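This is a predicted model, so every value here is computed, not measured.
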Amino acid sequence: MWDFIVPVCVSDLVKTGGINQYVVQDVLSPKQLASHLHSFRAALRSQGPLCILEHFDTAYSVLQHFQAVDIAVKEDTLELLVQVVSGLSVSLPSLLLSTTLSAVDRKQQLNAVKMAVFLLCKLTEHLESDSYRQSIITAPSKGSKKGKSANEGQIQWDTERETVLQALTQLLQLDIRTLWSLSLVEEEFVSCVTCCCYKLLENPAISLVKSKGSRDAIIHLLGVLVKKYNHLLGASVKVIQLLQHFEQLSSVCAQAVAVWSSEYGVKAIVGEVMREIGQKSSEELSREGSGVKAFSCFLSELSSLVPDAMLPNISVLLTHLEGESHSMRMAVCEVLGEVLIRVLSGDGLNDTARADRDRFLDTLQEHLHDTNSHVRARVLQVYTRIVNSKALPLCRYSEVMGLAVGRLMDKSVNVCKNAIQLLAAFIAHNPYSCKLSSADLKKPLEKETAKLRELRERGKEKAPVAVIEAAELWEAMEPELLQTIRAELEPGSEEEQEEREEEEVEESERDTAVKIAQFLRANKYRQAVRLCARAHSAFPQSQLFSALSTFTVESVMDTLALIFKGSEQDPPQKGEEQPPAPQEEGSAKNEAEESEQKKQEMLVQYLRDTESFALQVEKAIAVINTMLYWKTTSVVQEAIQFCVTVCEFSVANSLLGVRKMLPLVWSTDAAVKEAVVQAYRRLYLNPQGDTTRAKAQTLVDSLSELMVEASLGTIQCLEEIVQEFFGSGSSLQNSVVQVLWERFTGKQESSALQRRAAVLLLGMAARVEREVVLSNLDTLCSVALGEKVTEDFLLARDTVITISHITDHNKQTKNSPPFRLPQDHQLFTCLTQAIAEGVVMTDPYWQSFMEQAVRLIYFLAESPDQLCSRLLQRCSRLLLDQIAEGGEGSKEGGQSQGGQSQDEEEPDKQISCVSLAQLLALCGSVAFWQMSHLERSVSVELRRRRGENEEREAAGTSNKSKQASNESCVEEELGLVGASAEDTEAELIRKICETELLAEENLLCAFLPLLVKVCSSPGRYPHPQLSTAACLALAQFMMISPSVCEENIRLLFTVLERSSLPVVRANTIIALGDLTVRFPNILEPWTQNLYARLSDESASVRQTAVTVLTQLVLKDVLKVKGQVSEVAMLLIDPQPHIASLALNFFNELATKDNAIYNLLPDIISRLSDPERGMKEEDFHTIMKQLFSYITKEKQTESLVEKLCQRFRTAKTERQWCDLAVSLSLLSMCERGFKRLQECWDCYSDKLAEPGVYQPLLSITSRLRRGAKPQLKSQVEDFERKLTAVHTKGLENVESGETEEQREGGEAESVCTPQPLSKGSRRPTRGKGKNSTSCFEDSDLVTPKPRRRPPKKTQITFSSDEEEDDAVLAESETPKVTTPISRSSRRTRLRH
């Protein structure tokens, strides 16, 4: 019978074959196929699967005409072939087990199997290709619905594919190898099936979820081939090829290899694939299309599936850790991580496994410092999984923790984020304690260390001598003992004989033996030998000494050996006395002490590890707290989550981070804001407890703890969180409010801080529901503002703040009248009484209470000006009475006690100064809030009443003729009616402020001369509190009227410059900032004096100055000039907080168009001024930050030209170097480089200076990286030119050419305008306003036009106003300068 040979190509079957080789006789036409398929089906029913032998040509013809035949023919052929294969799977098992199967039948079955499998595989490949081609052609476009109609008329191949694969798997699982001779399956047959499988795997959709059934079927079919048909090497090679060309197959291949290894037991396949990947060189992987990404994904996926199978061959992958591909390094690190987690973890590891574990952990630690940020981030992720799985050995916690803290400063944001996650995992899974506080651990550690020290000292006292075996001692002493015996046996003098007789024998032989042993131990060999000789004569019958009957060297050695070794080794005989053994008696006690000492050592080591861990956590907290305000949202979210974690573990200083993230509730980023809200909800608003009451108590305790020592800003931010809680309709609201009232009123025992926190929390609740406070107003007054108010002004102040939340000054509506209480209300009686009593006291908290109380009176009282007028009169009268009493007392004391009166007068003066200071603070506060009341409350009320009148008039005149309405409609549309009315009201308010508030008949006017006198006479009134209060009150008076402001502005600036008190200078800066907003025209000439405070010696004054100036500049109140260089100086301030404020100033200024670009030349000139004497390092630090804001090519090009031109006017080498460094800090572009070349003449004569040459050389080295060939050649030419000029200058420093250049430079500089001396830069401290004070700085920096030489190309050293017109954007110039139009809006900004 013929043989069917599986062809390499389908068309080979129509060619003439060899002897007994099957050849297709007749290829049918497409028209004939239908009838022949019908015959095929009939034969299948009658003959079974062997009918394929006769109808092979029919199915083969379908393959030949595949593109031309109908779908029905394809479906029928596929169905028939599947039935044939399935039929063979059913019939073959019995035949294979039969022993009577003839050779002909065996060959017939083999041909049927090969034919059926061949046809089915080839038809499957054709159908797969056709299906993929159709899916591409008919793929619906985005939003199209033509997908279904396009697939109509196509075979449902996705459902049929799985059926085909299952049929093939079922057949090949049988032991059909016996059909071949010697059971050697031909390679072509296996390749036919495997090629079909790999063809199916190349489909891009095979990795999708919908293809899971087909994917699993392919994997299992290949698993059968790998296990039974010797396809292991072929599969490993094919997996590598698939990964190289089909990146999406990485997870599929990993799943396949894992299944073959675990389910089919072919573990060698893992090693083969790993070896193939390990043999890939770095050069090969660096090439495009090398599949390195697929390899790395494959290894990562495989390690998560079968890490145990990868461990034996992992060494072949470790070479990639030294390669250039970061993807492979990431994959290998992931493999190591999975192996450590799932294989090399636990306590039951042997020595080899433990060594592997330590080696892998060392490798991971090394790659925490990898050059690629992606690798560092991935290693941190691996460590996070290791820690979460508790697979990290305890001994490595401290080391890895330290490395993670170091990665927090990484330049990569992704690395920082993963470092935070790792640290959070360390804390959440730490093996030490649920509360990590180094402060709490310090005392226990000291106590236990002292106890351990005591145990060790006690052990040293009782420590036994190290016991050495008797046999070892005997071997050591034997040579010397032998010599001694020989010496003793030699005949000696009579003296020696007498010495021998001196050794006395003990009463018993055992005592004698013990004494001999003691002599031997003490190295007294001579005495031992002599005593041994006498013992034989004393105890001749003794077994110990019987050998000495013949006194020879050998007999003596044997006897001594028996005594020495036998005394410790031989057990005592019955009836014999046992020598005392104190060590044996105390051995049990010693063992107990040793055990206790070991336990104590373990405890101390545990405490040390815990303290070290806690200290590292605290160090991490300090760094992560600074990340809360990064611009990267993901990092901020991780930092917030970390703060929550450390707070839950009670880590020291964890509350700082929780408070610091609170202002982020105002973040414009919704994700950050939500993260903060969720964090506080988790920490404080979701309390644990069995009952509602317990939960409410826990919630109140948590919030109270957060508010203790919280700043005003923190409390304002916390209001948002608490408001959300009370506005969410929580079931705990009523219980929480009840607990707060109990704590405030004292029904529940609580401290003063807790009572204050309770009343503030009630105020936050009142912002959501006013009745919470309004209905209990009497309780608030009686508890906090009653008779005991003077005992706790802080509680009174917080109570006033809480009551202020029921006012509607922030939520006024247009039509409703304002909510106010009558003047005789209990609240105002209590407030005025408390203020009056406190004004003559020395309580440090009275002033803050007074400010809030006056504010509340103006917000809540009817006619508050009348209340405050009476209050001022009452306080003044009390102060006068106090002064009068003090004067009378001093007179009486002077008459009665004479010399003692001066000593008692000082405290009286102190009390009078404090009281006067408090009275001045009160009048300043009243003046300020009176003005605010007029501009806010009164103007709003006037507008409301006008609106009501207009509505009534409109209702009354609705029946008038339409003509009148038509005449006025134009004005109404233009808004002129309302605008004119508002202007009239604003003018009325302004007039009252300017003429009436400080008129002679007004009470406030009486205090103004006193304020001026106190401020202008610091020598006469040196009391700090008095000076502070008077200065602040004077500024508040100046806010009322521009005339008062003009009269006293010189005095205020004198105080600013001359006051020795930092608090006075800081307060004055804040007041001047407010005055600048209200009266910009008056303050504009004094701008330079404000900038001067940026260099104040006090850190608090510098901080206040930079904060105020930041607000003024960013709100366009102050015009930005070259004085901003003073702000730039603060970038290197020794106080980190001030430096961060300066950095924030420039960050915000950079958002304005070209602002920093316009200022940079002047800033450079001012900072490089030789008279300033700035260090080079400081200059570089400042410029590096400022140049980071220059990102546009046009700006870079322009700055290059400006800086190069300034080389001409720079006079010192230091200025040359500063300009060169500034050029090097620019992100140089091609256009900027061309401009640098064009300006060659400006700096070429300065290149001999290394400080000029090196920065310019660094520009060329940066430009050369990644430059185009043309630009690269230009850069290299320029670099050669630089080097040539630099070298030539160095060689000819003293040459005539250099001298000529220097003389030429000096001659050129003669006609260059010079800056004035630094002394004229600012007005003299303490002097009044000078008519030229606003121009002094410009005189210094920029020469006036009349002094400018005719040579226009020369550029001055620094210029403020020269470039203003050219570079200042229009948006940076203040638009409105009149005080009338700005007053109301800026006052609102202040509040």
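- Among all heavy-atom pairs drawn from V405 and A620, the shortest one is CG2-CB, 3.9 Å.
- Once rounded to the nearest 0.5 Å, the distance linking CD1 of I269 with CH2 of W260 reads 6.0 Å.
- The salt bridge (Lys or Arg N to Asp or Glu O under 4.0 Å) contacts involving residues 402-422 comprise R376-D410, R407-D410, where partners must be two or more places apart or lie in separate chains.
- For E186, the salt bridge (Lys or Arg N to Asp or Glu O under 4.0 Å) criterion is met by K114, not counting sequence neighbours.
- K74 forms a cation-pi arrangement with F66, by the criterion of a distance under 6.0 Å to the ring centre and an angle within 45° of the ring axis.
- For Q421, the side-chain hydrogen bond (donor to acceptor under 3.5 Å, both in side chains) partners at least two apart in sequence or on another chain are E638.
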Inset, instruction - Test side-chain hydrogen bond (donor to acceptor under 3.5 Å, both in side chains) on E272 and S236 and set out the steps. - result: CA-CA 6 Å; E272 288 295 330; S236 61; 4.5 Å; no
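- Judged by distance alone, with hydrogens and angles left aside, the side-chain atoms of N388 form a donor-acceptor pair with the main-chain N or O of T384 at under 3.5 Å.
- Side-chain atoms of H374 and N414 include no donor-acceptor pair closer than 3.5 Å.
- Shortest non-hydrogen contact noted between V332 and L317 is CG2-O, 3.6 Å.
- D669 is linked by a side-chain hydrogen bond (donor to acceptor under 3.5 Å, both in side chains) to T633, counting only residues two or more places apart in sequence or in another chain.
- For E301, there are no salt bridge (Lys or Arg N to Asp or Glu O under 4.0 Å) partners two or more places apart in sequence or in a different chain.
- Closest of all the heavy-atom pairs between L299 and V335 is O-CG2, 3.6 Å.
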Legend entry - side-chain contact (heavy atoms from CB on, under 4.5 Å) between R385 and E338, worked out: CA-CA 9 Å; R385 292 203 299 271; E338 289 295 332; 3.7 Å; yes
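- V292 and S325 make their closest contact through CG2-OG, 3.0 Å (heavy atoms, listed as atom of the first residue, atom of the second, distance).
- Without hydrogens or angle criteria, S261 side chain to A258 main chain gives no donor-acceptor distance under 3.5 Å.
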Inset, instruction - Walk me through it: do L336 and I314 pass the test side-chain contact (heavy atoms from CB on, under 4.5 Å)? - result: CA-CA 8 Å; L336 294 178; I314 204 168; 3.6 Å; yes
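- Note that CE of M274 is 5.5 Å distant from CG of N313, once rounded to the nearest 0.5 Å.
- Using a 4.5 Å heavy-atom threshold, the side chains of L364 and C333 count as touching.
- Heavy-atom minimum distance, L168 versus C121: CD1-SG, 4.1 Å.
- Classification of the F426-F613 ring pair by plane angle, with boundaries at 30° and 60°, yields perpendicular.
- Under the 3.5 Å distance criterion, the side-chain polar atoms of H320 are matched with a main-chain donor or acceptor of I277.
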Inset, instruction - Please test Q170 against Q166 for side-chain hydrogen bond (donor to acceptor under 3.5 Å, both in side chains), starting from the C-alpha separation and ending with a verdict. - result: CA-CA 6 Å; Q170 189 176 1; Q166 288 174 353; over 6 Å; no
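- Checked by atom type and distance alone, the side chain of Y198 never pairs as donor or acceptor with a backbone atom of V239 at under 3.5 Å.
- Residues V190 and N230 have side chains not in contact (no heavy-atom distance under 4.5 Å, counting atoms from C-beta outward).
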Inset, instruction - Using the side-chain contact (heavy atoms from CB on, under 4.5 Å) rule, take F298 and V273 through it: C-alpha gap first, then chi angles, then the decisive distance, then the call. - result: CA-CA 10 Å; F298 168 79; V273 175; 3.4 Å; yes
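- Under a 4.0 Å N-O distance rule, the pair R357/D362 does not qualify as a salt bridge.
- Taking 4.0 Å as the cut-off between side-chain N and carboxylate O, D356 and R359 count as a salt-bridged pair.
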Can you give each donor-acceptor pair under 3.5 Å made by side-chain atoms of residues 79-92, sequence neighbours left out, with the distance rounded to 0.1 Å?
unit_1 : atom_1 : unit_2 : atom_2 : d
E79    : OE2    : Q83    : NE2    : 3.4
S86    : OG     : V82    : O      : 2.9
S89    : OG     : V85    : O      : 3.0
S89    : OG     : L171   : N      : 3.4
S91    : OG     : G87    : O      : 3.1

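- Counting only heavy atoms from C-beta outward, the side chains of F246 and V252 never approach each other to under 4.5 Å.
- Atom CZ in F642 sits 5.5 Å away from atom CG in L423 (nearest 0.5 Å).
- Between L392 and L361, the closest side-chain pair of non-hydrogen atoms falls below 4.5 Å.
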Inset, instruction - Please report the C-alpha distance between D130 and H126 in whole Å, then the side-chain angles of each, then the deciding distance to 0.1 Å, and finally whether the side-chain contact (heavy atoms from CB on, under 4.5 Å) criterion is met. - result: CA-CA 6 Å; D130 191 51; H126 282 72; over 6 Å; no
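- The nearest pair of heavy atoms linking E674 to Q678 is OE2-NE2, 2.6 Å.
- The shortest distance between side-chain heavy atoms of L127 and L123 falls below 4.5 Å.
- Annotation: side chain of F295 is not in contact with side chain of S250 (no heavy-atom distance under 4.5 Å).
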Inset, instruction - Go through E247 and K293 one step at a time and tell me if the salt bridge (Lys or Arg N to Asp or Glu O under 4.0 Å) criterion holds. - result: CA-CA 7 Å; E247 189 177 305; K293 188 176 180 181; 3.7 Å; yes
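- Counting only N and O atoms by type, the side chains of Q637 and Q641 include no donor and acceptor under 3.5 Å apart.
- For residues 223-241, there are no salt bridge (Lys or Arg N to Asp or Glu O under 4.0 Å) pairs, not counting sequence neighbours.
- Distance alone, capped at 3.5 Å, is enough to place a donor-acceptor pair between the S129 side chain and the E125 backbone.
- Legend: residues meeting salt bridge (Lys or Arg N to Asp or Glu O under 4.0 Å) with E366, ordered by chain and number and at least two apart, are absent.
- Within 6.0 Å of CD in E187 there are 12 or fewer heavy atoms belonging to other residues, nucleotides or ligands.
- Side chains of L78 and L120 form a contact here, defined as non-hydrogen atoms less than 4.5 Å apart.
- By the side-chain hydrogen bond (donor to acceptor under 3.5 Å, both in side chains) test, N350 is found to be paired with no residue, residues two or more places apart in sequence or in another chain being considered.
- Side-chain atoms of P93 and L174, non-hydrogen and from C-beta on, do get closer than 4.5 Å to each other.
- For residues 165-177, every residue pair satisfying the salt bridge (Lys or Arg N to Asp or Glu O under 4.0 Å) rule, not counting sequence neighbours, is listed here: D175-R177.
- In this structure, CG on L349 lies 9.5 Å from CG on D358, to the nearest 0.5 angstrom.
- For residues 307-333, the set of pairs meeting the salt bridge (Lys or Arg N to Asp or Glu O under 4.0 Å) definition, not counting sequence neighbours, comprises R329-D370.
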Could you pull out all donor-acceptor pairs under 3.5 Å where a side-chain atom in residues 212-226 meets a protein atom, sequence neighbours excluded?
unit_1 : atom_1 : unit_2 : atom_2 : d
K212   : NZ     : D216   : OD2    : 2.8
S214   : OG     : R161   : NH1    : 3.4
R215   : NH1    : I206   : O      : 2.7
R215   : NH1    : L208   : O      : 2.9
D216   : OD1    : Q255   : NE2    : 3.2
H220   : ND1    : Y264   : OH     : 2.9

